[in-house]
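In each ligand, atom 1 is the first atom listed, and ligand 1 is the first ligand listed.
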Amino acid sequence: MSSTHFDTIVAPITGNQQAAVAWVRISGEDAWEIASKVFGNWPNEPETHKAIFGVYSHGDSGLALPFAENHSYTGEQSVELSIHGSTTSSRALVELCCQQGARLAEPGEFTLRAFLNGRLDLTQAEAVRDTVDAQTEIQLRAANLNRKGVLRKQVSSIRDAVLKVLVQVEASVDFSEEIGELDHEAASVHVQEIINQIDRLLATAHAGRIIRDGFRVAIVGPPNAGKSSLLNALLGEDRSIVTDVPGTTRDYVEERLEVNGLPIVLIDTAGIRPTEDVVETIGIQRTRAIAANADAIWYLYDAQIDLKQTDLDALESFDRPVTILANKTDLTSSNRGTPISALTGQGLGELLRSLTSEIEAAPGQPLINMRHQPLLAQARASLQECLVSINNHAPDDLLSVLLSDAAHHLGAITGETATPDMIDRIFHDFCVGK
Ligand code: GDP
């Protein structure tokens with residue numbers, strides 16, 4: 001299959017930071033032609049994937065690496081040109097290529113072309129972005145899996161299974177005399193199996209979100225319990241305000257750290273206590289809102305003071321389990337909650353380990369993202385309705401509509417049935433050169 005022909009584009013692909021080496025990519029049907037004009041040593045018959053050393057028209061030198069059509073990242077004829085990594089040299093080379101007929105690539109345009117040329121599907125394109133953005137080991141591992149196409153295969157095979165049932169339904173509508181009635185029992189079993197597979201994917205949404213955006217821990221509790229000290233101790237630096245005057249963390253401080261490869265977001269909130277102070281009241285309302293959106297809540301109290309009635313009231317006001325932490329146990333012992341000391345660090349390692357054990361994703365399982373989740377949920381809803389309709393012996397025409405809907409939503413995940421708008425939105429998030 002030959003790639004679709006678009007105009008020729010160029011961009012630096014190694015960012016705009018100064019570095020020892022930088023690369024510029026040209027892609028499109030005139031890529032080699034343009035390279036031959038800006039690169040002194042371009043061979044008469046370039047071989048794909050074989051680098052040549054030479055000097056560019058602007059005086060810098062480096063390697064030219066040709067890729068033949070269908071053997072490149074974009075699927076188009078391309079060249080990657082290495083230069084010394086000064087932003088001036090890279091700008092000059094891009095400018096030279098533009099003078100020879102190339103156009104500066106839009107953000108994500110190389111990957112968009114790879115998608116349009118069938119080199120990768122939308123889940124893999126998203127995984128390219130996630131690989132570039134990966135800041136923790138686990139984010140990288142998850143991105144690698146989807147880039148390899150593990151999610152693509154699972155979604156495609158679910159969609160194929162839907163289409164198979166659809167074909168049977170349509171055949172029984174169109175050729176009922178030749179092939180007989182639809183086997184409702186078998187169809188119902190198949191649809192249920194497909195729903196189960198979708199459920200397994202949907203169950204990864206939580207882990208997917210946490211691995212991408214971080215596990216959010218809200219640190220709440222009365223003023224002066226040591227919330228800011230705990231945050232600083234876990235981060236190993238002084239970022240939150242620590243004072244002896246109750247009520248100093250009026251707003252909230254959000255910090256990220258990585259534990260066992262997982263991103264954790266710690267949120268130091270305003271202290272919870274009844275107050276007349278307007279600013280503090282707003283802070284406390286926010287604290288409740290933050291706690292409501294967090295993945296875990298740590299309720300920290302001062303072990304010297306013990307839990308008071310206001311603490312018990314606050315604890316009751318959260319609608320889910322809260323981990324109670326007794327702080328300052330370097331000064332006194334406690335018999336309620338997990339004993340820790342933000343000052344000496346006692347109990348903190350164990351605290352972080354207990355968090356990450358909650359978040360382990362099954363190895364090898366691809367994770368879905370916030371775009372995939374509603375599409376899978378819509379496909380599931382259509383299939384569920386289809387299942388009920390089969391069991392109620394609804395007309396086959398209706399089954400066919402519901403199965404087509406499900407196939408359509410699944411196809412939007414991988415790209416076959418994605419609207420131009422959806423595709424635009426995905427590539428909009430990419431950086432120039434990707
Ligand atoms: P917050 O209002 O809950 O954020 O409390 P801070 O972090 O500002 O701490 C209040 C006071 O308690 C400060 O003087 C801290 O130095 C002290 N403090 C915090 N944690 C500990 C601890 O584990 N042991 C001891 N001895 N003092 C602590």
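No N or O atom of L331 sits closer than 3.5 Å to an N or O atom of ligand 1. The distance criterion of under 3.5 Å between nitrogen or oxygen atoms is met by K227 with respect to ligand 1. Residue P223 has no N or O atom closer than 3.5 Å to an N or O atom of ligand 1. For ligand 1, the polar-atom distance check finds an N/O of A225 within less than 3.5 Å of one of the ligand's N/O atoms.
Every atom of ligand 1 with a heavy atom of S229 under 4.0 Å away is listed here by number and element: 6 (P), 7 (O), 9 (O), 15 (C), 19 (C), 20 (N). Taking a cut-off of under 4.0 Å to the non-hydrogen atoms of D330, the atoms of ligand 1 that pass are 22 (C), 23 (O), 24 (N), 25 (C), 26 (N).
With hydrogens and angles ignored, the 3.5 Å screen pairs a side-chain donor or acceptor of S57 with a backbone N or O of V38.
Contacts with ligand 1 closer than 4.0 Å are made by side-chain heavy atoms of N327 only, the backbone lying farther away. When non-hydrogen atoms are compared, ligand 1 lies under 4.0 Å from the backbone of N224 as well as from its side chain.
Classified by interplanar angle (parallel below 30°, tilted 30° to 60°, perpendicular above 60°), the ring pair F115/F427 is tilted.
Ion pair R103/D7 flagged as a salt bridge, since at least one NZ, NE, NH1 or NH2 atom sits closer than 4.0 Å to an Asp/Glu carboxylate oxygen. The existence of a salt bridge linking D133 and K434 is excluded, since no basic side-chain nitrogen approaches an acidic carboxylate oxygen closer than 4.0 Å.
A side-chain contact (heavy atoms from CB on, under 4.5 Å) with L122 holds for exactly one of M422, R152, R371, H372; it is R371.
The distance from atom CG of L166 to atom CG of L399, rounded to the nearest 0.5 Å, is 10.0 Å.
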